[in-house]
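Bear in mind that the values here come from a model prediction, so they are computed numbers and not experimental data. Numbers restart at 1 for each chain; the letters A, B, ... are given by sequence-line order, proteins then strands.
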Number of protein chains: 2
Amino acid sequence: MREIRYRTIAADLRRQIVDGDLAPGAVLPSEAELAGSYDVSRVTVRKALEVLRDDGVVASRQGYGWFVEGDTVRQSLGALSTIEGQLTDQGRVPERRVVSFGFDREHLVVVRVNLADGLPFALVTVWCPADLGSSLSRDDVESATFYELLPVDFDHATQTIGAALADDRDAELLEVPVGSPMLVVERRSVSTDGVEVLRSEHRFPAHLTEFVVDLPFQEGAELSPAGLRLVQS
Amino acid sequence: MREIRYRTIAADLRRQIVDGDLAPGAVLPSEAELAGSYDVSRVTVRKALEVLRDDGVVASRQGYGWFVEGDTVRQSLGALSTIEGQLTDQGRVPERRVVSFGFDREHLVVVRVNLADGLPFALVTVWCPADLGSSLSRDDVESATFYELLPVDFDHATQTIGAALADDRDAELLEVPVGSPMLVVERRSVSTDGVEVLRSEHRFPAHLTEFVVDLPFQEGAELSPAGLRLVQS
DNA sequence: CAGTGGTCTAGACCACTGG
DNA sequence: CAGTGGTCTAGACCACTGG
């Protein structure tokens, strides 16, 4: 397979950004410099940069340069980590607290509470296949997400969002009244192999959280992923 | 303001497609031909075509050519019509019932109940600018969506999903108990001019509805639109 | 002002589709 | 096979940012 220069360059720059060698806000070398160091034409450098721009990783200003996009939360980890990113951006302190950690016949089952500055805002239950979960400690799952911990290439997750009333456990762990409104998200995370690796349930007090979805009107491709549906009744 | 050739060309091609001069599936003239007829370089033609590809209007196959994308379902109406589509697919009968229709100082305000086989599943309030709404009748809004009725090119909508408890009006119109869980969606629909044209609130009984979102893990482009966020507290 | 990205040209070679 | 899009080069001129 032939190497495609602009993709190689885009991947290389992306890695530098992900690794933190290029921090948010940092200005990249000029197109001319990059063309020189990668030994390609400026057009090829631009094509690479445009790939990254399409992904929201970098942006440009004419007469100024290309720079690493800062705040626009570019997390591959999905909704929850998006929140944690928002929190750290706001200077608040995100925290995970493990409520329970144990195995049933087929899964490692972990229940955690997520807090922001000590305020609990999510109660998360994760079911992880036992063979994958056997290497994880309670400390592991308190300090990192399953996406970070598992040696799995995740492809996508399907989230189903519903509403419910706070039950006794919600009330106790999230410090809300029994019967107050909750957003409930069930997430199924699928690896690039097409295997459903993780299932998790996330319960949020409605007064603390909302879900934002952007729906393009034109052309179905990107629009289909989000949609309300009637549940079987 | 300087003319930007590739945009002019993209706009011209788009118009031909929208007007139907180029039907779905039709193959465009080759890049070389287009370059000749527009009297630009092939690179500029490609740039124009890539703009249209990003919009999902055209696609290409190497060695074959560029062709008009088969109308990927005018599902452009967003989540609600998705539901109505599902209903008709299931052979159920969707219905809209206008609860109130009137003007405040600046808006036409319409409250409707959506039903499936006579079962109410959504209470929708729409705020439409008075100048646009002045031509609409109560019968109009009962028989069609605002997207169908308004002479506006919609670009996208941003939806914010939350949870709440059913209030007295919800209970009466949706036939649920007061205090039962509800999914509440606020939608802001923006035209291609960048103007926020419609604002609407959709209230669904939680036991009847759920929201499905697909989150790709790789590459930011399609992933950013959906995300949970903490509300200001 | 010198330097940057935005646009554009006129070429080139290649991988790929269809007949 | 001739024709197509995909990639890439080495230039060019311009509008724009900052100092």
- prompt: Would you say D/dC8 has OP1 or OP2 under 4.0 Å from some side-chain N or O of B/Arg42?
  reply: no
Donor-acceptor list for residues 32-39 of chain B side chains, cut-off 3.5 Å, not counting sequence neighbours:
residue, atom, partner, partner atom, Å
B/Glu33, OE2, B/Ser30, N, 3.3
B/Glu33, OE2, B/Ser30, OG, 3.4
B/Ser37, OG, B/Glu33, O, 3.3
B/Ser37, OG, B/Leu34, O, 3.2
B/Tyr38, OH, B/Asp12, OD2, 2.4

task: Specify the separation, in whole Å, of atom CD of A/Gln62 and atom C1' of D/dG18.
output: 14 Å
message: Rounding to an integer number of Å, can you tell me how far A/Leu34 CG sits from C/dG5 P?
response: 8 Å
- request: May I ask you to evaluate whether B/Thr44 reaches the phosphate of C/dT7, defined as a side-chain N or O under 4.0 Å from OP1 or OP2?
  value: no
- prompt: Within this structure, what is the CZ-to-C1' distance between B/Arg46 and C/dC14, rounded to whole angstrom?
  reply: 13 Å
- request: Write down the distance between CZ (B/Phe67) and P (C/dG18), rounded to a whole number of angstrom.
  value: 11 Å
- request: Using heavy atoms to find the nearest nucleotide of DNA chain D for A/Val45 and A/Gly63 separately, return the residue whose nucleotide is more 5′.
  value: A/Val45
message: Distance check needed: C/dG5 C1' versus A/Glu33 CD, whole Å only.
response: 13 Å
Residue B/Val43, side-chain atoms from C-beta onward, closest of D/dC8, D/dT7, C/dG6: D/dC8
message: For a quick check, tell me whether the side chain of B/Arg5 and the base of C/dG6 share a donor-acceptor pair closer than 3.5 Å.
response: no
query: Of B/Ala32 and A/Arg61, whose closest DNA chain D nucleotide lies nearer the 5' terminus?
result: B/Ala32
query: If you write DNA chain C from 5' to 3' in dot-bracket form, with Watson-Crick or G-U pairs under 3.5 Å, [ ] for crossing pairs and | for pairs with another strand, what do you get?
result: |.||||||||||||||.|.
message: Please report the distance, rounded to the nearest Å, between CD1 in B/Ile4 and P in C/dG5.
response: 17 Å
message: Below the 4.0 Å mark, does D/dT4 have OP1 or OP2 next to a side-chain nitrogen or oxygen of B/Ser60?
response: no
message: In this structure, how many angstroms lie between the C1' atom of D/dC8 and the CG atom of A/Asp39, rounded?
response: 12 Å
message: Looking at D/dT7, I'd like to know if its phosphate oxygens (OP1 or OP2) sit under 4.0 Å from a side-chain N or O belonging to A/Tyr6.
response: yes
query: When you measure from the side chain of B/Ser30, which nucleotide among C/dT4, C/dG5, D/dT4 comes out closest?
result: D/dT4
Side-chain N or O of A/Tyr64 closer than 4.0 Å to phosphate OP1/OP2 of D/dC16: no
- prompt: Any donor and acceptor pair, going by atom type alone, linking the side chain of A/Arg112 with main-chain N or O of A/Val141 inside 3.5 Å?
  reply: yes
field: Atom-to-atom span, CD of B/Glu31 to P of C/dC14 - whole angstrom
entry: 18 Å
- request: For the pair A/Arg96 (side chain) and A/Glu142 (backbone), establish whether a donor and an acceptor sit closer than 3.5 Å, ignoring hydrogens and angles.
  value: yes
